Amino acid sequence: MSEKKVIKIKNNIKTSEEVIIIKNLKLNAKFGYYPHEKITKQELVFNLKIFTNENLYQDNSLNEIIDYDQIIKIIKKILNEDINFLETLSEKIITKIFDDQRVNKVKIRIEKTQAVKECESVGYEITKQRI
């Protein structure tokens, strides 16, 4: 039996999507596969779009929203782990963000700005959606 999604309409206005945006978060970390990447910190740039279920906010508490400060704390904590690849880092971050049941889709792009001197950056991007 398929579930029907209930869309709340107020004053003839329907919310099609809500998105939390984190743009160009720059963090320095010892990150990567190669030995020199595990010794010297390098800059990583994070861009996220976190799509949420519609919410009726009362504007009283941070618990009513998906707090971008908490998302940034998640990223910083995971960066302390010994991870080799951007793909693994992305997966760990997305998995943790999906712990919040209000999240229905996450798009993340992580770039290494110092990995290849001929490039402004190299990176990885993925979008995952709750089914």
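Both backbone and side-chain heavy atoms feed into the values below; hydrogens, waters and symmetry mates do not. If you read the sequence from its start, that first residue is 1, and numbering goes on from there. The structure displayed is predicted, hence computed values, not measured ones.
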Inset, instruction - For side-chain contact (heavy atoms from CB on, under 4.5 Å), just list the numbers for I66 and I71, CA-CA rounded to whole Å, side-chain angles, deciding distance to a tenth of an Å, and then say yes or no. - result: CA-CA 8 Å; I66 296 173; I71 301 298; 4.2 Å; yes
Legend entry - Shortest non-hydrogen separation from I83 to L89 and the atoms involved: CG2-N, 3.8 Å
Inset, instruction - Flag the pair Y124 / I110 as yes when at least one side-chain heavy-atom distance between them is below 4.5 Å, and no otherwise. - result: no
Legend entry - Worked check of side-chain hydrogen bond (donor to acceptor under 3.5 Å, both in side chains) between K30 and N80: CA-CA 8 Å; K30 293 178 183 176; N80 287 324; over 6 Å; no
Legend entry - Spacing of CG belonging to D69 relative to CD1 belonging to I74, to within rounding of 0.5 Å: 11.5 Å
Inset, instruction - Start with the C-alpha distance between K112 and Q42, add both sets of side-chain angles, then the distance that settles side-chain contact (heavy atoms from CB on, under 4.5 Å), and finish with yes or no. - result: CA-CA 7 Å; K112 296 167 82 172; Q42 62 179 303; 3.3 Å; yes
Legend entry - Full working for side-chain contact (heavy atoms from CB on, under 4.5 Å) between N104 and Q129: CA-CA 6 Å; N104 56 49; Q129 186 168 336; 5.6 Å; no
Inset, instruction - Enter the distance from T40:OG1 to K38:NZ here, rounded to the nearest 0.5 Å. - result: 12.5 Å
Legend entry - Shortest non-hydrogen contact from L86 toward G123: CD1-CA, 3.7 Å
Inset, instruction - Report whether F31 and I126 are members of the same hydrophobic cluster (ILVMFWY, side-chain heavy atoms less than 4.5 Å apart, transitive linking). - result: yes
Legend entry - Rounded distance (nearest 0.5 Å) linking atom CD1 of I94 with atom CD1 of I108: 5.5 Å
Inset, instruction - Sequence neighbours left out, what pairs pass ring pair (Phe, Tyr, Trp, His ring centres under 6.0 Å) with at least one residue falling in residues 84-106? - result: Y33-F85
Legend entry - Option among K76, K96, K92 that satisfies the salt bridge (charged side-chain N to carboxylate O under 4.0 Å, His left out) test with E81: K92
Inset, instruction - Report the distance from atom CG of N24 to atom CZ of R109, rounding to the nearest 0.5 Å. - result: 7.5 Å
Legend entry - Over all atoms of both residues, closest heavy-atom pair of E111 and S121: OE1-OG, 2.5 Å
Inset, instruction - Enter the distance from L48:CG to I21:CD1 here, rounded to the nearest 0.5 Å. - result: 10.5 Å
Legend entry - Results of side chain to side chain donor-acceptor pair (under 3.5 Å) for Q114 - residues two or more places apart only: none
Inset, instruction - Might you confirm whether atom NZ of K77 has over 12 heavy atoms from other residues, nucleotides or ligands at distances under 6.0 Å? - result: no
Inset, instruction - Please check if the side chain of R102 supplies one atom and the backbone of I65 the other of a donor-acceptor pair under 3.5 Å. - result: yes
